[in-house]
Undergrad: 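First, the structure itself, so that you have it in front of you.
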Amino acid sequence: MNITHIEHIGIAVESLDAAIPFYENVFGLKCYAVEEVADQKVRTAFFRVGGTKIELLEPTGPESPVGRFIAKKGPGVHHIAFAAGNVGEALTEAEEKGVTLIDKSPRKGAEGLNIGFLHPKATFGVLTEICGEE
Ligand code: CO
C-alpha cells in the first residue's frame with residue numbers, strides 16, 4: 001500500500017452551523033467547501049490545515065452512521081483518512097493481509113475522491129479510510 005499522507009481527519013459534529021464558525025473564529029481556518037454526501041447521509045465541511053484537511057461531518061438524520069456514532073459516543077474524532085493513489089488496490093491488499101473491510105471496493109466520497117473504509121475492529125479501534133483519485 002502506498003500511503004503518501006494523512007488526507008484528512010474526520011470529526012463528527014451535531015451542527016455545521018455551530019462548528020464552522022468555531023473553526024474559523026478560534027483557529028483562523030477557512031471553510032472552503034460544504035458538501036452533502038447523500039450516500040453516507042452526511043453534510044461535510046472542509047478546512048485545509050497545511051498538507052492535510054479537517055472534514056467536519058454532520059449527520060443528516062439519526063439513522064445514519066455518523067448519527068449513530070454521535071448517539072453512542074458523542075461528537076468527536078470519527079475517522080482518519082490516508083491518501084493512497086489507487087484505493088481499490090489498497091483495499092485488496094488490506095484484505096489479503098487479513099484486515100476486515102467495511103468497503104470491499106471503492107465508492108465515491110466527498111470531493112469526488114474514491115474512498116473505502118477498514119473496519120475499526122481490525123485497526124485498533126480507529127475507523128480508517130483510504131482515499132485517492134483512482
Ligand atoms: Co473522510
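Both counts, for ligands and for their atoms, begin at 1 and track the order of listing.
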Undergrad: Measuring only between side-chain heavy atoms, which start at C-beta, is E14 closer than 4.5 Å to I70?
TA: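 Yes, close enough: below the 4.5 Å cut-off.
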Undergrad: Has H8 got an N, O or S atom lying less than 2.8 Å from the Co ion (ligand 1)?
TA: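 For H8, the answer is yes, given that an N, O or S atom comes within less than 2.8 Å of the Co ion (ligand 1).
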Undergrad: Look at the N, O or S atoms of E7, main chain and side chain alike, and state whether any lies under 2.8 Å from the Co ion (ligand 1).
TA: no
Undergrad: How about H79: does one of its N, O or S atoms come closer than 2.8 Å to the Co ion (ligand 1)?
TA: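 Here the distance criterion (N, O or S atom, under 2.8 Å) is met by H79, so yes.
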Undergrad: Out of the N/O/S atoms in E55, what is the name of the one closest to the Co ion (ligand 1)?
TA: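 Among the N, O or S atoms of E55, the one closest to the Co ion (ligand 1) is OE1.
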Undergrad: Measure the CG-NZ distance between L91 and K104 for me, rounded to the nearest 0.5 Å.
TA: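 Atom-to-atom, L91:CG and K104:NZ are 10.5 Å apart.
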Undergrad: Given 3.5 Å as the limit, does a donor-acceptor pair link the side chain of E24 with the main chain of C31, or not?
TA: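 Confirmed, E24 side chain pairs with C31 backbone.
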Undergrad: Any donor and acceptor pair, going by atom type alone, linking the side chain of T60 with main-chain N or O of K41 inside 3.5 Å?
TA: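 Yes, because the side chain of T60 sits within donor-acceptor range (under 3.5 Å) of the backbone of K41.
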Undergrad: Would you check, one step at a time, whether the test salt bridge (charged side-chain N to carboxylate O under 4.0 Å, His left out) holds for R68 with E63?
TA: CA-CA 6 Å; R68 286 194 294 270; E63 285 309 311; 3.6 Å; yes
Undergrad: Report the name of the N/O/S atom of E129 located nearest to the Co ion (ligand 1).
TA: OE1
